[in-house]
Amino acid sequence: MLQKPRGTRDFLPDEMEARRAVEWRLREVARRWGYREVCTPEFEDLELFTMRSGEGIIGEMYVFEDKGGRKLALRPEITAAVIRMYINEAKVAPKPLRWCYYADCFRYERPQKGRYRQFWQFGVELIGADSAIADAEVIMLASDMLNATGVRYDLKVGHLSFVKNLLKDVEPEIQRKIRAQLDKKDFEGLNLTLDSMNKPDLAESLTTLVACQDLNEAFEIAGAIPERERIEQTMGYLDAAKVKYSLNLGIARGLDYYTGIVFEGFADNLGAENQILGGGVYRLAHLFGGDDVASCGFAIGFDRVMVSLGESAGKKDTVAAIVCTPEARNRALDVAKAFRSAGIRTEMDLMGRGFGQQLAHAAKSAAFAVIIGQREVESSEVTLKNLQSGEQKTITLDAAVAEVVASGSRG
């Protein structure tokens, strides 16, 4: 028997309904902030990704040659593709561009809880706005989106200039090693690295910076930073908007990619793979032949959000089951149409079951049975049975529809 590829998943109806419900909430928040959806191809030229991240990334990607010998890759992320699209299609469009997307990505890595080879991201890119309020808007939007999903999370906000300033006199190769140690919070390794360079004071400064929760104290630790005013303005906007966040000025990964403010979101119940959001300010367009435009964006790991939400992810539809005798089937079709027109998920028997079997089957998945026999045909009414309480009454079709609709709105 054939199985699905490793690192992929099948989604049955209940799970898909829960996923779509959360996806819709994210879309609605993005819409309210003025972000409009874009879509890029699932595969791109391999160079789009190696140009930024180097050849080493190839081992983590699904790479292939097409029949014309062109090297292509399934997208491992979407930001690069969106910036490529901006250069191709919209570089003369009025700024700023507020774009969002929801799409699947592919990475060839070891599958584990919350980490898959095919996974989905909901992302946002703000292109062409270079200001503190622009940086703050993207973080506020990220917070609003995570709040809308219902996930419990911690939002960490930092700025790369602090670490960059402390490491400005360190060789690039050693910088990368130190940044990796900071990212993993490997302070023992950090101390060993800097002791070997006879820089114990730098190790102390970096360790203190990681734990720092006061912006003024952080400036004292890191020294003179040209971006200070913009950093203070950005944090001030976040505070004014009452965004719940904490400082993390030790965020060190992405220094070759991000250029300023950075932020990350972590769910509180996912174990080691608990990051559900990452983003920041970056400049990519010039690498792909475009202008040096400022951008700020983030991506939400949709699958990890769903794992974190668990059973609370979505509310199930109210289902009405039409139960009828053979001679009432034509009337039952009209009744079903009325319920569906009102937005109620409505199902009819297709298996030729008897009346009792229809009721028994309805009790497995429906909230209401709408019973139609010869008497209901003659009176132009229906018998509505609440399958949870057992209450049953014969009422007009309009009244039955209204009661089922009201039941759904109370859920």
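Computation of the quantities below employed the complete heavy-atom set of this structure, encompassing side-chain atoms and omitting hydrogens, waters and symmetry-equivalent molecules. Since we're looking at a predicted model, the values are computed, not measured.
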Does [atom1] in [X] sit with more than 12 non-hydrogen atoms of other residues, nucleotides or ligands closer than 6.0 Å?
X: Lys95; atom1: NZ; answer: yes
X: Arg353; atom1: CZ; answer: yes
X: Phe43; atom1: CZ; answer: no
X: Asn198; atom1: CG; answer: no
X: Glu229; atom1: CD; answer: no
X: Glu217; atom1: CD; answer: yes

Would you find a donor on one side and an acceptor on the other, under 3.5 Å apart, between the side chain of [X] and the backbone of [Y]?
X: Asp45; Y: Leu48; result: no
X: Glu171; Y: Glu173; result: no
X: Glu264; Y: Lys156; result: no
X: Gln175; Y: Leu167; result: yes
X: Arg304; Y: Gln275; result: yes
X: Gln233; Y: Ala132; result: no
X: Asp66; Y: Gly68; result: yes
X: Ser205; Y: Asp201; result: yes
X: Asn386; Y: Gly390; result: no
X: Glu60; Y: Ile57; result: no

Salt bridge (charged side-chain N to carboxylate O under 4.0 Å, His left out) partners of Glu137, counting only residues at least two apart: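 Only Arg98 meet the salt bridge (charged side-chain N to carboxylate O under 4.0 Å, His left out) criterion with Glu137.
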From [X] atom [atom1] to [Y] atom [atom2], the distance as rounded to the nearest 0.5 Å:
X: Phe339; Y: Arg345; atom1: CZ; atom2: CZ; answer: 15.0 Å
X: Lys177; Y: Asp186; atom1: NZ; atom2: CG; answer: 9.5 Å
X: Cys39; Y: Ile78; atom1: SG; atom2: CD1; answer: 8.5 Å
X: Asp169; Y: Leu166; atom1: CG; atom2: CG; answer: 10.0 Å
X: Leu359; Y: Lys364; atom1: CG; atom2: NZ; answer: 12.5 Å
X: Arg75; Y: Arg107; atom1: CZ; atom2: CZ; answer: 12.0 Å

Sequence-distant partners of Gln118, side-chain contact (heavy atoms from CB on, under 4.5 Å), two or more places apart: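 With neighbours one apart ignored, the set is Thr8, Asp104, Phe106, Trp120.
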Phe368 side chain near Val319 side chain, heavy-atom distance below 4.5 Å: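 Phe368 does not reach Val319 side chain to side chain.
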Verdict with supporting geometry, Asn147 and Tyr153, side-chain hydrogen bond (donor to acceptor under 3.5 Å, both in side chains): CA-CA 9 Å; Asn147 290 338; Tyr153 70 96; 2.8 Å; yes
Steps toward side chain to side chain contact (heavy atoms under 4.5 Å, CB included) verdict (Leu141, Leu126): CA-CA 11 Å; Leu141 173 56; Leu126 176 63; over 6 Å; no
Worked check of side-chain hydrogen bond (donor to acceptor under 3.5 Å, both in side chains) between Ser295 and Glu125: CA-CA 7 Å; Ser295 306; Glu125 311 296 343; over 6 Å; no
Full working for salt bridge (Lys or Arg N to Asp or Glu O under 4.0 Å) between Glu273 and Arg115: CA-CA 8 Å; Glu273 296 291 337; Arg115 185 185 290 274; 2.8 Å; yes
Evaluation steps, salt bridge (Lys or Arg N to Asp or Glu O under 4.0 Å), between Arg70 and Glu65: CA-CA 5 Å; Arg70 290 170 286 264; Glu65 285 191 5; over 6 Å; no
side-chain hydrogen bond (donor to acceptor under 3.5 Å, both in side chains) involving Trp24 - partner list, sequence neighbours excluded: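 Here no residue qualifies.
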How close do [X] and [Y] get, counting heavy atoms only, and between which atoms?
X: Val382; Y: Glu376; answer: CA-CG, 3.8 Å
X: Ala222; Y: Ile225; answer: CB-CD1, 3.8 Å
X: Cys100; Y: Val124; answer: CB-CG2, 4.1 Å
X: Val82; Y: Ile127; answer: CG1-CD1, 4.4 Å
X: Glu381; Y: Thr394; answer: OE1-CG2, 3.5 Å
X: Asn191; Y: Ala203; answer: OD1-CB, 3.3 Å

Taking 4.0 angstrom as the limit, do [X] and [Y] come out as a salt bridge?
X: Arg31; Y: Glu28; value: yes
X: Arg19; Y: Glu23; value: no
X: Glu403; Y: Lys393; value: yes

Pairs meeting criterion ring-ring contact (aromatic ring centres under 6.0 Å, His included) with involvement of residues 188-231, two or more places apart: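 Qualifying pairs: Phe162-Phe219.
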ring-ring contact (aromatic ring centres under 6.0 Å, His included) partners of residues 50-85, not counting sequence neighbours, each pair once: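 Of all non-adjacent pairs touching residues 50-85, those that pass ring-ring contact (aromatic ring centres under 6.0 Å, His included) are Tyr62-Tyr108.
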Test side chain to side chain contact (heavy atoms under 4.5 Å, CB included) applied to Phe263 and Phe298, step by step: CA-CA 8 Å; Phe263 51 98; Phe298 63 84; 3.6 Å; yes
side-chain hydrogen bond (donor to acceptor under 3.5 Å, both in side chains) between Gln181 and Thr193, intermediate numbers included: CA-CA 9 Å; Gln181 290 167 335; Thr193 298; 2.9 Å; yes
Audit row: Lys199, Ile174, side chain to side chain contact (heavy atoms under 4.5 Å, CB included) steps and yes/no: CA-CA 12 Å; Lys199 291 180 179 290; Ile174 303 299; over 6 Å; no
Criterion salt bridge (Lys or Arg N to Asp or Glu O under 4.0 Å) on Arg84 and Glu44, from CA distance to verdict: CA-CA 10 Å; Arg84 190 268 309 147; Glu44 298 268 1; 2.7 Å; yes
Arg340/Glu347 under salt bridge (Lys or Arg N to Asp or Glu O under 4.0 Å): CA gap, chis, key distance, verdict: CA-CA 9 Å; Arg340 290 169 184 147; Glu347 300 175 357; over 6 Å; no
Sequence neighbours excluded - salt bridge (charged side-chain N to carboxylate O under 4.0 Å, His left out) pairs with any residue from residues 230-246: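 Those involving residues 230-246 are Asp130-Arg230, Asp135-Arg230, Arg228-Glu232.
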Geometric class of the Phe302/Tyr102 ring pair [parallel <30°, tilted 30-60°, perpendicular >60°]: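 Answer is perpendicular, since the angle exceeds 60°.
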